[in-house]
Amino acid sequence: MKYALARIMAEEVSYSMNRIKVDKDTKFEINPKFSRTVRRANDNEKIWFVTLEVNVESTEDSPKPFNLKVRLVGIFEAEDVNDEMDRRDLVINMTEVVYPYLRAAVSSLTANAFINPMMLPVIPAGTMFPEDRGEAPELKN
């Protein structure tokens, strides 16, 4: 299997501050939610898309000082993806390539909002999503 990153683009980048009243020493638990979508181009079997998204959303039960959403799309060219194991490996590798850009976008967005930059954790390849640790990911056309 061979693959190469063709392009990364930001599909959505948003930040909004929440005006919530809290004590001065209040510590917030920010638990970002990650999602991923993988699909293949209909007209070219060599073109693959991986969309990574991170969300931080304030709720009544779990207030946060801000809401944040960053969604990036990586476009890859891949050859010799012959079976489910190749697909699984390709998806993990594409995720590993795009994730540092997602981390950088979140850090930059929060720093530019004049708050302490939010640093997403470094996550080893193959452990970010449950399907990477077992069965092949579901493809969407």
Please report the interatomic distance [atom1]([X]) to [atom2]([Y]), rounded to the nearest 0.5 Å.
| X | Y | atom1 | atom2 | value |
| --- | --- | --- | --- | --- |
| F66 | I20 | CZ | CD1 | 10.5 Å |
| S108 | Y101 | OG | OH | 14.0 Å |
| I75 | I47 | CD1 | CD1 | 8.0 Å |
| I123 | T95 | CD1 | OG1 | 10.5 Å |
| L90 | D80 | CG | CG | 11.0 Å |
| E79 | E45 | CD | CD | 12.0 Å |

What closest approach, in Å, do [X] and [Y] show between heavy atoms, and which atom pair accounts for it?
| X | Y | result |
| --- | --- | --- |
| P121 | Y99 | O-OH, 2.6 Å |
| S58 | P63 | OG-CA, 3.3 Å |
| V54 | P32 | CG2-CB, 3.5 Å |
| T127 | P124 | OG1-O, 2.7 Å |
| M128 | F34 | CE-CD2, 3.4 Å |
| L5 | G74 | CD1-CA, 4.5 Å |

- Item | Residue pairs involving residues 69-95 (criterion ring-ring contact (aromatic ring centres under 6.0 Å, His included); sequence neighbours excluded) |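 Those involving residues 69-95 do not exist here.
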Taking only distance into account, with no hydrogens and no angle test, what donor-acceptor pairs under 3.5 Å do side-chain atoms of residues 7-17 form with protein atoms, sequence neighbours excluded?
residue	atom	partner	partner atom	Å
E11	OE1	R71	NE	2.7
E12	OE1	R71	NH1	3.4
E12	OE1	R71	NH2	2.8

- Query: Hey, mind stepping through V56 and M118 against side chain to side chain contact (heavy atoms under 4.5 Å, CB included) and telling me if it holds?
  - Reply: CA-CA 11 Å; V56 173; M118 182 176 154; 3.7 Å; yes
Sequence-distant partners of [X], side chain to side chain donor-acceptor pair (under 3.5 Å), two or more places apart:
| X | result |
| --- | --- |
| S62 | K64 |
| S107 | none |
| N116 | none |

- Given a cutoff of under 4.5 Å between side-chain heavy atoms of I, L, V, M, F, W and Y, with clusters grown through shared members, what are the other residues clustered with I92?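 Joined to I92, directly or through intermediates: none.
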- Run the salt bridge (charged side-chain N to carboxylate O under 4.0 Å, His left out) check on R36 and E131 step by step: do they pass? CA-CA 11 Å; R36 174 181 66 194; E131 61 268 23; 3.0 Å; yes
Given the rule that I, L, V, M, F, W and Y join up when any side-chain heavy atoms are under 4.5 Å apart, are [X] and [Y] in one cluster?
| X | Y | value |
| --- | --- | --- |
| V38 | V97 | yes |
| M119 | L102 | no |
| L120 | V50 | yes |

- Does F129 CZ have over 12 foreign heavy atoms under 6.0 Å away?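 Result for CZ/F129: enclosed.
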- Message: Between N55 (side chain only) and E57 (backbone N and O only), is there a donor and an acceptor less than 3.5 Å apart?
- Response: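 Judged by distance alone, no pair lies under 3.5 Å.
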- side chain to side chain contact (heavy atoms under 4.5 Å, CB included) evaluation trace for N31 with K33: CA-CA 6 Å; N31 292 320; K33 305 283 187 260; 4.1 Å; yes
- Task: Would you check, one step at a time, whether the test side chain to side chain contact (heavy atoms under 4.5 Å, CB included) holds for L72 with E53?
- Result: CA-CA 6 Å; L72 301 182; E53 183 175 307; over 6 Å; no
- Item | Derivation of the side chain to side chain contact (heavy atoms under 4.5 Å, CB included) call for D83 and R87 | CA-CA 6 Å; D83 55 27; R87 286 182 180 191; over 6 Å; no
Taking the side chain as C-beta and beyond, is there a heavy-atom pair between [X] and [Y] under 4.5 Å?
| X | Y | value |
| --- | --- | --- |
| V106 | P117 | no |
| L68 | L109 | yes |
| W48 | M94 | yes |

